[in-house]
Every structure is written in structure tokens, then in C-alpha cells.
Amino acid sequence: MSELISQTLTLIRPDDWHLHLRDGATLQSVIAHTARQFQRAIIMPNLQPPVTTGERALEYRERILDAVLKAGLPADAFTPLMTLYLTDNTSAEEIRGAYATGVIHAVKLYPAGATTNSDAGVTDLLGRCGDALEAMQDIGMPLLVHGEVTDPDVDLFDREAVFIERVMIPLRQRYPALKVVFEHLTTKEGVDYVSQADGPIAATLTAHHLLYNRNAIFQGGLRPHWYCLPVLKREVHRQALLEAATSGSPRFFLGTDSAPHARGRKEHACGCAGCYTALHAMELYATAFERAGRLDKLEAFASLNGPAFYGLPVNSGTLTLEKRPFTIPETVPMGDDELVPLAAGEALEWSVRED
Ligand code: DOR
Ligand code: ZN
């Protein structure tokens with residue numbers, strides 16, 4: 001049980017169930033931010049080229065572990081939980097072989113064209129990926145879903161709700177025992193679906209979708225650092241997400257979707273999607289939970305529900321938050337470049353205690 005003693009809150013050490021670390025100099029720049037707060041993270045496979053095979057995932061894992069050491073951290077400071085990038089051609093053997101390694105935990109579905117580096121993604125899930133889905137259902141390997149249709153006739157703000165009808169419901173009818181994580185849920189329709197559906201389903205929620213509605217993208221001008229996919233939605237959706245996150249339901253857990261992009265790629269005529277929150281993730285989540293009056297539910301969301309769904313042990317360490325102002329830096333270095341954290345320059349009321 002989490003303990004709130006006057007102005008500190010100690011939690012079982014949390015995990016991030018949805019994270020972009022990238023590779024090379026970017027990976028090296030961001031790894032310590034995540035390791036400061038989280039023991040483990042599910043690592044997204046949308047590199048260039050994407051992590052489509054078990055072999056590539058194992059090589060990527062080695063590069064992440066090297067980056068942990070090069071950051072001056074002990075080897076056990078952070079455990080990457082690897083994923084495979086699903087394509088139209090992923091075979092059942094690839095899935096079974098990857099899962100058998102014990103370090104590749106899930107498969108990520110990007111509908112082709114849905115977001116950053118999704119061109120190699122799936123064009124027709126039920127038509128093309130039957131063997132892979134069958135194998136995953138059989139061995140209990142979760143499918144992590146970017147749940148948006150890419151049909152240009154569907155309004156950007158409706159893409160998640162339409163995905164539920166067109167893809168999620170038929171998928172789960174055909175593979176009722178398949179474990180599914182609806183990643184970075186953004187709508188009331190999504191919350192209703194995940195709350196009420198039968199079978200093994202859960203969802204991750206980002207800090208930014210709990211704290212902001214779509215007004216944030218347009219506040220006093222166009223604000224590219226609030227642009228992500230799925231895009232922020234109306235206030236009614238934010239409220240539904242916050243209610244789900246703080247409800248104590250085991251179906252909802254923490255996934256930052258922290259997505260580093262160089263400043264110039266965001267502040268651009270065609271800016272990249274993604275919010276950088278790894279630096280201050282638990283400060284942001286604590287702020288959202290406190291505003292909802294539900295700090296007592298933060299530990300289940302951040303530290304218990306995810307391991308339970310993935311069938312992994314709960315962490316043994318702890319993380320302490322204290323009620324001390326934290327001013328989000330304007331920029332942080334990223335290789336030879338820099339990146340802008342979400343809500344840069346603003347102050348939060350919670351800080352992670354450095355032990
Ligand atoms: O905003 C996003 N950024 N959404 C995604 O789905 C991908 C991510 C990225 O990789 O930058
Ligand atoms: Zn993501």
C-alpha cells in the first residue's frame with residue numbers, strides 16, 4: 001500500500017508500459033530520465049528500420065542496456081521489456097521464437113500510416129495477420145494496439161471511436177482469448193469499451209491525456225509540443241480518462257508514450273507528433289491524481305495493474321514523491337540537439353525525491 005506521510009508519497013517502484021526511447025544519441029540522452037523514475041518500460045519498436053524480428057529486438061535491447069551503463073547507472077537500474085513491430089508478413093514462428101527468449105514481451109500493432117514510422121505497419125489486420133494473432137493467443141503474448149483507423153474520410157478526432165467498431169470488436173470476436181492492450185486511450189468511447197468488454201483487455205493512459213484537453217494545442221497560438229497521436233480530445237473525454245485512471249480498475253495502467261523529437265522537428269511547418277514526458281512523468285501523473293482527489297489510487301495505476309496484466313512480478317523497490325515545486329526545464333540536451341519537455345517552464349507541485 002502506498003503511504004502518504006504529511007507531504008511525501010511513497011509508492012512501490014512504478015513501470016512505464018509504453019515508451020519511445022529511439023536509438024543512438026537520442027537513446028543515450030533520454031535513458032536516465034526514464035530510469036530515474038521507472039524500474040521497467042515496454043519499449044516501442046518504431047525505429048527506422050522497425051524492430052520486426054526477434055533478432056533485431058535482442059540487438060536493440062543490448063544497445064539500451066549499454067546506454068544504461070554509459071549513463072553511469074548500475075546494470076540493474078532499468079529493465080527494458082522489448083516488443084516486436086507487427087507487419088503484414090510477421091510469421092507465427094517469429095512470434096513464438098521472440099516470446100521464447102523471455103525478454104520480448106509483446107507485439108505492437110501500428111495501422112500503416114497511423115503515426116511516426118508506421119509505414120511498414122499493418123494494412124489489413126484480420127486479412128493479413130491471422131497466423132501471428134493465432135500464435136499470440138496460443139502463447140499468451142499481448143497485442144499492443146495503436147487504435148486509430150487511417151481512412152482519410154474519417155475525421156482525425158473520430159479515429160479511435162471508429163477503430164473500436166471496425167477493428168477492435170471484430171478482432172476480439174475472432175480471438176477472444178488474445179490479450180490486448182489498447183494503448184494511449186484518448187476517448188470516452190474507448191474507456192467505455194475497455195471497462196465493459198469481456199476477456200483479457202486493458203489500456204494505458206498518458207499523463208498528457210489526463211491533464212490536458214485539445215484547447216492546449218491552440219492556447220494563444222499553435223503549440224506544437226502539445227501535438228501527439230492520438231491527438232488530445234475534448235474535455236468530456238479527458239474527464240472520462242481521469243475517472244478511469246483513478247477508479248482503481250485493474251484494466252487501466254500507466255504508459256507515458258513519451259516520444260522524443262528534436263526541437264526543430266516539432267517547431268516545424270509539418271511538425272512531428274509526440275510529447276516528451278519521461279523527464280517528469282510521475283510529477284505529472286501525481287498532479288493529475290491529486291487534482292482528482294485520488295492520490296491513494298496512484299500506486300495501483302503506476303505500480304500494480306501493469307505487472308498483473310503482463311503476468312510479471314511487482315517491483316521490489318520504491319519511489320518517493322514529495323510536495324515540493326518542480327519547475328519543468330525549458331529544454332534538455334538531446335545528442336547535439338535539444339528537446340522541449342511537455343509544459344516546459346511551468347511549475348508542478350510534486351517532485352520525485354532523489355535518494
Ligand atoms: O505522438 C506520438 N508519437 N504517437 C505515436 O503513436 C508515436 C509517437 C512517436 O513515435 O513519436
Ligand atoms: Zn507511442
Side-chain angles (χ1 to χ4, degrees), residues 16 18-34 36-37 41 43-50 67 110 113-119 121 146 148 150 152 155-157 159-160 183-184 186 205-235 237-238 255-285 287-288 326-348:
D16 183 351
H18 184 128
L19 176 67
H20 298 269
L21 283 177
R22 317 297 190 207
D23 214 339
T26 302
L27 163 63
Q28 193 61 59
S29 301
V30 301
I31 187 72
H33 296 164
T34 287
R36 184 174 76 99
Q37 307 207 336
I43 309 301
M44 288 296 126
N46 62 334
L47 304 183
Q48 277 176 317
Y110 287 106
T115 186
T116 310
N117 297 342
S118 64
D119 297 347
H146 183 111
E148 290 191 289
T150 54
D155 188 276
L156 183 79
F157 291 94
R159 288 183 180 180
E160 185 172 289
E183 298 287 327
H184 43 52
T186 63
L205 297 168
T206 78
H208 40 291
H209 289 97
L210 296 182
L211 282 167
Y212 300 102
N213 64 35
R214 64 192 194 179
N215 287 353
I217 312 169
F218 307 103
Q219 197 85 51
L222 190 55
R223 294 180 172 245
H225 299 291
W226 270 265
Y227 171 58
C228 63
L229 288 170
V231 74
L232 295 172
K233 304 293 193 301
R234 285 178 183 276
E235 177 63 9
H237 298 291
R238 188 191 73 84
T256 62
D257 200 14
S258 177
H261 290 280
R263 176 179 201 146
R265 301 289 302 276
K266 297 276 303 166
E267 298 172 7
H268 191 277
C270 187
C272 294
C275 299
Y276 190 69
T277 55
L279 180 75
H280 48 328
M282 288 304 295
E283 290 90 343
L284 291 165
Y285 281 110
T287 301
F326 173 81
T327 302
I328 304 166
E330 295 287 351
T331 61
V332 292
M334 189 179 90
D336 297 334
D337 218 313
E338 61 185 15
L339 61 78
V340 178
L342 185 76
E346 292 181 24
L348 297 171

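Everything numeric in this text was worked out from a predicted model, so none of it was measured.
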Student: Could you tell me whether Asp155 atom CG has more than 12 heavy atoms of other residues or ligands within 6.0 Å of it?
Tutor: yes
Student: Determine whether a donor-acceptor pair (N or O, by modelled atom type, separation under 3.5 Å) exists between the side chain of His280 and the backbone of Leu342.
Tutor: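 At least one qualifying donor-acceptor pair exists.
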Student: If you round to the nearest 0.5 Å, how far is CG of Leu229 from SG of Cys272?
Tutor: 10.5 Å
Student: Please report the shortest heavy-atom distance between Ala344 and Pro329, naming the atom on each side.
Tutor: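 The pair with the smallest heavy-atom distance is CB-O, 3.4 Å.
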Student: Check whether any side-chain N or O of Thr206 sits under 3.5 Å from a backbone N or O of Asp257 as a donor-acceptor pair, and report yes or no.
Tutor: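 No; judged by distance alone, with no hydrogens or angles, the pair does not exist.
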Student: Check the pair Gln48, Asn117 against side chain to side chain contact (heavy atoms under 4.5 Å, CB included), reporting the backbone distance first and the verdict last.
Tutor: CA-CA 7 Å; Gln48 277 176 317; Asn117 297 342; 3.4 Å; yes
Student: Kindly compute the distance separating CD (Glu267) from CZ (Arg223), expressed to the nearest 0.5 Å.
Tutor: 11.5 Å
Student: Mind checking whether Thr331 and Leu339 have side chains closer than 4.5 Å, heavy atoms only?
Tutor: no
Student: For the backbone of Met282 and the side chain of Gln37, can you confirm whether one donor and one acceptor N or O come within less than 3.5 Å of each other?
Tutor: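 Yes.
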Student: Show your reasoning for whether side-chain hydrogen bond (donor to acceptor under 3.5 Å, both in side chains) applies to Glu183 and His18.
Tutor: CA-CA 8 Å; Glu183 298 287 327; His18 184 128; 2.5 Å; yes
Student: Measuring centre to centre across the rings, with the benzene-like ring taken for any Trp, is His184 within less than 6.0 Å of His209?
Tutor: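 Centroid distance His184-His209: not below 6.0 Å, so no.
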Student: Verify salt bridge (Lys or Arg N to Asp or Glu O under 4.0 Å) between Arg36 and Glu283, making sure each step is shown before the conclusion.
Tutor: CA-CA 12 Å; Arg36 184 174 76 99; Glu283 290 90 343; 3.3 Å; yes
Student: Which pair of heavy atoms, one from Trp226 and one from Ala216, lies closest together, and at what distance?
Tutor: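 Distance-wise, the nearest heavy atoms are CD1-CB, 3.4 Å.
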Student: Tell me whether the guanidinium CZ or amine NZ of Arg238 lies under 6.0 angstrom from the six-membered ring centre of Tyr212 and within 45° of its axis.
Tutor: no
Student: Have a look at His261 and tell me which of Lys266, Arg22, His225 forms a side-chain hydrogen bond (donor to acceptor under 3.5 Å, both in side chains) with it.
Tutor: Arg22
Student: Rounded to the nearest 0.5 Å, what separation is found between the CG atom of Leu210 and the CG atom of Leu205?
Tutor: 5.5 Å
Student: Just how far is it from atom CD1 of Ile217 to atom CG of Leu222, taken to the nearest 0.5 Å?
Tutor: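 Here the rounded value is 8.5 Å.
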Student: Going from CG on Leu27 to CG on Leu21, what distance comes out if it is rounded to the nearest 0.5 angstrom?
Tutor: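 The CG atom of Leu21 is 6.0 Å from CG of Leu27, to the nearest 0.5 Å.
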Student: Minimum heavy-atom separation for Ala273 and Thr116, please, with both atom names.
Tutor: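 Here Ala273 and Thr116 meet closest at O-OG1, 3.8 Å.
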Student: Hey, does the side chain of Asp23 reach the backbone of Leu47 with a donor-acceptor pair shorter than 3.5 angstrom?
Tutor: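 Not confirmed, Asp23 side chain does not pair with Leu47 backbone.
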Student: Under 3.5 Å, side chain of Ser118 to main-chain N/O of Gly113, donor-acceptor pair present?
Tutor: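 Checked: pair present.
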Student: Can you name the one residue among Arg214, Glu160, His237 that meets side-chain hydrogen bond (donor to acceptor under 3.5 Å, both in side chains) with Thr186?
Tutor: Glu160
Student: For the backbone of Thr256 and the side chain of Asp16, can you confirm whether one donor and one acceptor N or O come within less than 3.5 Å of each other?
Tutor: yes
Student: Is the backbone of Ala67 close enough, under 3.5 Å, to the side chain of Gln28 for a donor and an acceptor to pair up by distance?
Tutor: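 Yes, the answer is positive, given that a donor and an acceptor are paired below the 3.5 Å cut-off.
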Student: Among Arg263, His33, His208, His20, find the residue that satisfies the side-chain hydrogen bond (donor to acceptor under 3.5 Å, both in side chains) test when tested with Tyr276.
Tutor: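 With Tyr276 as partner, Arg263, His33, His208, His20 yield a single side-chain hydrogen bond (donor to acceptor under 3.5 Å, both in side chains), made by His33.
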Student: Rounded to the nearest 0.5 Å, what separates atom OH in Tyr110 from atom OG1 in Thr115?
Tutor: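 So the OH of Tyr110 and the OG1 of Thr115 are separated by 7.0 Å.
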Student: Are any of the side-chain heavy atoms of Pro50 and Pro45 separated by less than 4.5 Å?
Tutor: no
